[in-house]
Q: 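Quick one: structure below, then a few questions.
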Amino acid sequence: MKKYELEKALSTYIISTSGWRSVFDCEGIQGRSGKIDKVKACIAFLASVNYETFLLKKNYSSVIIAQDTRPTGKILSHIAHFAFKTVKTKILGFSCAPEVMAYAMVSHTPFIYFSASHNPIGDNGIKFGLDNGGVLQADDAYELIEDFRMLTSSIDLKNDRRIKDFFAFWDELNRHELQDLYDKYEKEQAQNAYFDFTLQTISAQSDKNGKETFCKNFVDAIIAYKNTHTDFCIVCDYNGSSRVHSIDKHFFENFHIPFVSFNEKNIVHEIIPEGKNLEPLSQKMQEYALVTKEKQPLFGFMPDCDGDRGNLVFYDPVHKKTLLLPAQEVFALCVLSELSFIATMQGKEHTNETATERKLAPTLAVVVNCATSLRIHDIAKAFNAKVFTAEVGEANVVSLADSLRAKGYTVRILGEGSNGGNITHPSRVRDPLNTIASILKLLMFRETKTNTYAPFKQWCMYSGNEKSYKQDFTIHDIISTLPKYVTTETQSENAILHIKQSNQVLLKKTYQKVFEQEWTEKKEELDKKYGIKSFKAFATKGIQEFDCTEDFSLSETGGLKIMLFNGFDTPIAFLWMRGSKTEPLFRILVDVKGDDTSIEIKLLVWQRTMLEKADKLSFDECIEIAPLS
């Protein structure tokens with residue numbers, strides 16, 4: 001293997017604080033062969049060697065190795081196992097990301113996890129983490145990346161003993177059929193740790209008695225619901241996800257909830273749990289409802305390949321059809337639930353007082369990414385909670401939440417509304433079990449003679465929706481009280497651009513010129529049609545958000561949001577953009593207050609056209625005014 005071959009392969013390798021990623025399968029982006037070429041194998045080996053050196057610098061003596069279920073994960077785990085010479089390896093084999101991270105926290109062991117999350121089956125990559133239960137935080141991630149770049153640029157492929165040993169191992173590895181690589185003891189330990197940690201997360205109780213009390217109350221509420229409504233189950237389209245090898249069935253049975261799953265063994269359709277990929281789940285729920293009328297599906301979920309995200313599908317027994325909620329609304333339901341949960345734990349029962357009069361803890365906070373809908377601000381306001389914003393990326397929202405807790409804030413829930421799922425403290429990763437538990441708490445806990453904890457009633461009182469509350473409420477009643485916003489779906493075709501200008505500072509400087517000219521031309525029209533009277537620009541870089549109205553390019557490669565205000569200086573919409581750091585894409589999004597989908601469409605087309613014009617103008621001085629409608 002020549003050095004230029006390594007350099008060429010590395011040029012296609014996406015390396016960011018969110019993870020390292022590339023197409024690994026020899027058959028390409030949709031490949032299922034499980035085979036990788038020698039150059040990509042060498043990159044995985046050097047990444048593992050680099051991580052071992054990093055761990056030794058941090059005084060760690062062991063590491064967890066795990067993989068999701070995409071075909072190339074098996075051979076990558078074998079490579080990592082060979083690479084680690086000094087630190088002891090704990091092998092989990094197939095494992096979902098939340099399980100790996102829970103075990104890392106409980107066992108005080110760093111991890112290396114082979115996964116490409118929701119990306120196509122032929123992709124693969126690496127997530128790194130220490131022993132705090134999450135991926136590497138920014139400082140450590142940048143240090144690891146810099147170490148890797150130095151290693152790969154200076155390595156002598158012809159004479160380095162490590163490379164010679166690896167190529168001998170690689171030749172031998174390819175002579176035999178690969179076996180699954182895992183340690184039964186470690187896997188059992190990981191599942192036990194994950195189950196107990198999940199109970200701690202959903203109950204907000206760390207001691208055994210507290211968790212047991214919560215579980216008893218939760219089971220009682222679920223049984224009471226079944227007695228007054230109908231028995232229900234939860235349905236899962238695993239689509240071959242690594243969650244198949246985890247605790248899901250045991251978790252739901254612990255709360256007396258039947259669990260129905262399908263597509264356990266193979267990845268049968270696209271991995272990302274959005275849009276058309278939820279249709280098999282929707283169809284299965286409808287079929288199951290007709291066959292088992294005494295046990296109706298309450299809702300279903302589909303996890304991605306590493307199992308840290310699961311968008312929900314609800315079943316309407318009255319109209320006998322399913323309802324697919326957008327990721328932003330699922331996150332909003334979880335925020336609503338967890339804020340009412342923490343408010344109740346603080347001993348603040350529902351009253352007719354305003355949030356200011358109630359004086360809930362002024363340090364209650366929610367952390368979101370910059371592409372999260374403004375509806376979260378409306379929900380937080382009802383609980384007198386503050387909203388803080390970070391750049392897109394799980395590591396960013398988790399790091400921001402950590403910094404706020406260090407300042408005395410209570411951050412029970414955080415997440416990326418645009419990406420689906422939520423992170424519930426003390427977890428540091430999205431988890432569909434936490435998402436489902438949040439919504440179940442909202443739906444199951446109802447006011448009785450012996451129970452005063454009724455989060456939905458509390459929300460209705462706090463938010464001024466008293467007339468929307470009724471004793472026999474449904475999930476549809478809860479959804480109807482959510483603040484009304486229309487937000488671009490992440491996977492919408494119009495939300496993804498392929499920008500030619502690689503210099504994002506130049507691109508955003510040019511975009512500012514285009515936008516300001518457009519604003520001058522259209523501000524009267526924007527006011528007349530939509531009530532938009534002014535704007536401000538905000539940048540998000542890592543855990544920082546700041547005003548960049550004077551210079552959009554200060555956002556650099558981070559998020560750029562153009563906030564649009566009404567005549568009362570209240571934000572009623574925003575235009576957003578950011579170049580992906582894990583995919584060769586540029587994403588845009590629009591969020592608009594209200595339920596008029598046509599406004600979102602028109603503003604999205606406007607945003608898209610302006611950005612395309614800016615892309616062209618960054619190479620060409622020609623500029624035109626984009627049509628608003």
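What's counted below: heavy atoms across the whole structure, side chains too, no hydrogens, waters or symmetry copies.
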Q: So D183 and K187, salt bridge (Lys or Arg N to Asp or Glu O under 4.0 Å) or not? Walk me through it.
A: CA-CA 6 Å; D183 184 290; K187 182 63 176 176; over 6 Å; no
Q: Ring centroids only, cut at 6.0 angstrom: are H498 and F586 within range, meaning strictly under it?
A: no
Q: Using atom types as modelled and distance alone, determine if a side-chain donor or acceptor of E416 lies under 3.5 Å from a backbone N or O of G393.
A: yes
Q: Looking just at side-chain N and O atoms, do S399 and N396 make a donor-acceptor pair shorter than 3.5 Å?
A: no
Q: Ignoring hydrogens, what is the shortest heavy-atom contact between M302 and P273? Give both atom names and the distance.
A: O-CB, 3.1 Å
Q: Just so I know, are the side chains of F546 and L554 near enough to count as touching, which here means a heavy-atom distance under 4.5 Å?
A: yes
Q: How far apart are the closest heavy atoms of I36 and I75, and which atoms are they?
A: CD1-CG2, 3.9 Å
Q: If every non-hydrogen atom of H78 is compared with every non-hydrogen atom of F169, which pair is closest and at what distance?
A: O-CZ, 3.8 Å
Q: Is there a side chain to side chain contact (heavy atoms under 4.5 Å, CB included) between C548 and F538? Walk through the geometry before answering.
A: CA-CA 5 Å; C548 66; F538 293 91; 5.6 Å; no
Q: Going by the rule ring pair (Phe, Tyr, Trp, His ring centres under 6.0 Å), which residues pair with Y60 if we only count those two or more places apart in sequence or in a different chain?
A: none
Q: Mark yes or no for whether S403, through its side chain, and L400, through its backbone, hold a donor-acceptor pair below 3.5 Å.
A: yes
Q: Walk me through whether T487 and V590 qualify under side chain to side chain contact (heavy atoms under 4.5 Å, CB included).
A: CA-CA 6 Å; T487 314; V590 167; over 6 Å; no
Q: Check the pair L130 / L55 against side chain to side chain contact (heavy atoms under 4.5 Å, CB included), numbers first and verdict last.
A: CA-CA 8 Å; L130 297 179; L55 294 179; 3.8 Å; yes
Q: Under the rule for salt bridge (charged side-chain N to carboxylate O under 4.0 Å, His left out), what residues qualify as partners of K508, not counting sequence neighbours?
A: none
Q: Looking at W576 and C370, what are the two nearest heavy atoms and their distance?
A: NE1-SG, 3.2 Å
Q: What I want to check is whether the side chains of S77 and Q67 have a donor and an acceptor closer together than 3.5 Å.
A: yes
Q: Before giving the answer on side chain to side chain contact (heavy atoms under 4.5 Å, CB included), spell out for D156 and K3 the whole-Å C-alpha distance, their side-chain angles and the decisive distance to 0.1 Å.
A: CA-CA 8 Å; D156 183 346; K3 189 66 174 286; over 6 Å; no
Q: Check whether any side-chain heavy atom of K88 sits under 4.5 Å from a side-chain heavy atom of V63, and report yes or no.
A: no
Q: Run the salt-bridge test on K58 and D131 with the 4.0 Å N-O cut-off and return the result as yes or no.
A: no
Q: Under 6.0 Å between ring centres, would you say that holds for F148 and W20?
A: yes
Q: Show me the donor-acceptor pairs, under 3.5 Å and distance only, between side chains in residues 102-114 and residues at least two apart or in other chains.
A:
from : atom 1 : to   : atom 2 : distance (Å)
Y103 : OH     : E186 : OE1    : 2.4
S107 : OG     : Y103 : O      : 2.5
S107 : OG     : T109 : OG1    : 3.1
T109 : OG1    : K90  : NZ     : 3.3
T109 : OG1    : S107 : O      : 3.0
Y113 : OH     : S95  : O      : 2.6
Y113 : OH     : A97  : N      : 3.4

Q: Please check if the side chain of K74 supplies one atom and the backbone of G93 the other of a donor-acceptor pair under 3.5 Å.
A: no
Q: Could you tell me if Q501 and S618 have a donor-acceptor pair between their side chains, going purely by distance under 3.5 Å?
A: yes
Q: What's the shortest heavy-atom distance between S117 and D68, and which atoms?
A: N-OD2, 4.2 Å
Q: Quick check against the 3.5 Å criterion: does R32 have a side-chain atom that pairs as donor or acceptor with the backbone of I121?
A: no
Q: Less than 4.5 Å apart, side chain to side chain, heavy atoms only: is that true for P280 and H269?
A: yes
Q: Run the salt-bridge test on D431 and R243 with the 4.0 Å N-O cut-off and return the result as yes or no.
A: yes
Q: Just by distance, no angles: are the side chains of N124 and S22 close enough, under 3.5 Å, to form a donor-acceptor pair?
A: no
Q: What do the steps show when you test E279 against K276 for salt bridge (Lys or Arg N to Asp or Glu O under 4.0 Å), and what is the final call?
A: CA-CA 5 Å; E279 290 175 4; K276 66 180 182 179; over 6 Å; no
Q: Give the intermediate values and the outcome of salt bridge (Lys or Arg N to Asp or Glu O under 4.0 Å) for residues K500 and D615.
A: CA-CA 7 Å; K500 295 178 182 178; D615 187 29; over 6 Å; no
Q: Is the Lys NZ or Arg CZ of K40 less than 6.0 Å from the centre of F24's six-membered ring, within 45° of the axis?
A: yes
Q: Quick one: sort the F45 and F166 rings into parallel, tilted or perpendicular, breaks at 30° and 60°.
A: parallel
Q: Would you find a donor on one side and an acceptor on the other, under 3.5 Å apart, between the side chain of R309 and the backbone of H118?
A: no
Q: Find out whether I65 and F84 are in side-chain contact, i.e. whether some heavy atom of one side chain is under 4.5 Å from a heavy atom of the other.
A: yes
Q: Are the side chains of Q607 and M577 in touch, meaning some heavy atoms are under 4.5 Å apart?
A: yes
Q: Under a 3.5 Å distance rule, please check whether S427 uses its side chain to pair with a backbone N or O of I423 as donor and acceptor.
A: no
Q: Using 30° and 60° as the class limits, which term best fits the ring planes of F94 and H245: parallel, tilted or perpendicular?
A: parallel
Q: Counting only heavy atoms from other residues, nucleotides and ligands, does the tally under 6.0 Å from CG of D139 exceed 12?
A: no
Q: What are the two closest non-hydrogen atoms of D306 and K127, and how far apart are they?
A: OD2-NZ, 2.8 Å
Q: Check whether any side-chain N or O of E5 sits under 3.5 Å from a backbone N or O of K2 as a donor-acceptor pair, and report yes or no.
A: yes
Q: Donor-acceptor pair, distance only, cut-off 3.5 Å: does the side chain of S282 make one with the backbone of L278?
A: no
Q: Determine, for E612 against R608, whether the closest basic-nitrogen to carboxylate-oxygen distance falls under 4.0 angstrom.
A: yes
Q: Would you please indicate if the ring centroids of Y51 and F128 are separated by under 6.0 Å?
A: yes
Q: Passes salt bridge (Lys or Arg N to Asp or Glu O under 4.0 Å), D25 versus R70? Steps please.
A: CA-CA 10 Å; D25 198 287; R70 61 190 68 237; over 6 Å; no
Q: Can a donor-acceptor pair be found, under 3.5 Å and without considering hydrogens, that links the side chain of D196 to the backbone of Q200?
A: no
Q: With a 4.5 Å heavy-atom cut-off, do V429 and E394 have their side chains touching?
A: yes
Q: Within a 6.0 Å radius of atom NZ on K85, are there more than 12 heavy atoms belonging to other residues, nucleotides or ligands?
A: yes
Q: Salt-bridged, R428 to D402, with N to O below 4.0 Å?
A: yes
Q: Got V235 and S261 here, is their nearest side-chain heavy-atom distance under 4.5 Å?
A: no
Q: Can a salt bridge be assigned to the pair D160 and K164 using a cut-off of 4.0 Å between side-chain N and carboxylate O?
A: no
Q: Whether the side chain of N239 engages the backbone of S241 through a donor-acceptor N/O pair (distance < 3.5 Å, no angle test) should be reported.
A: no
Q: Does the distance from a Lys or Arg side-chain N to an Asp or Glu carboxylate O, for E27 and K35, drop under 4.0 Å?
A: no
Q: Can you confirm whether the side chains of N119 and R21 place a donor and an acceptor under 3.5 Å from each other?
A: yes
Q: For a quick check under 3.5 Å, do T435 and N422 share a side-chain donor-acceptor pair by atom type?
A: yes
Q: What I want to check is whether the side chains of E99 and S246 have a donor and an acceptor closer together than 3.5 Å.
A: yes
Q: Do D237 and N263 have side-chain atoms, one donor and one acceptor, less than 3.5 Å apart?
A: yes
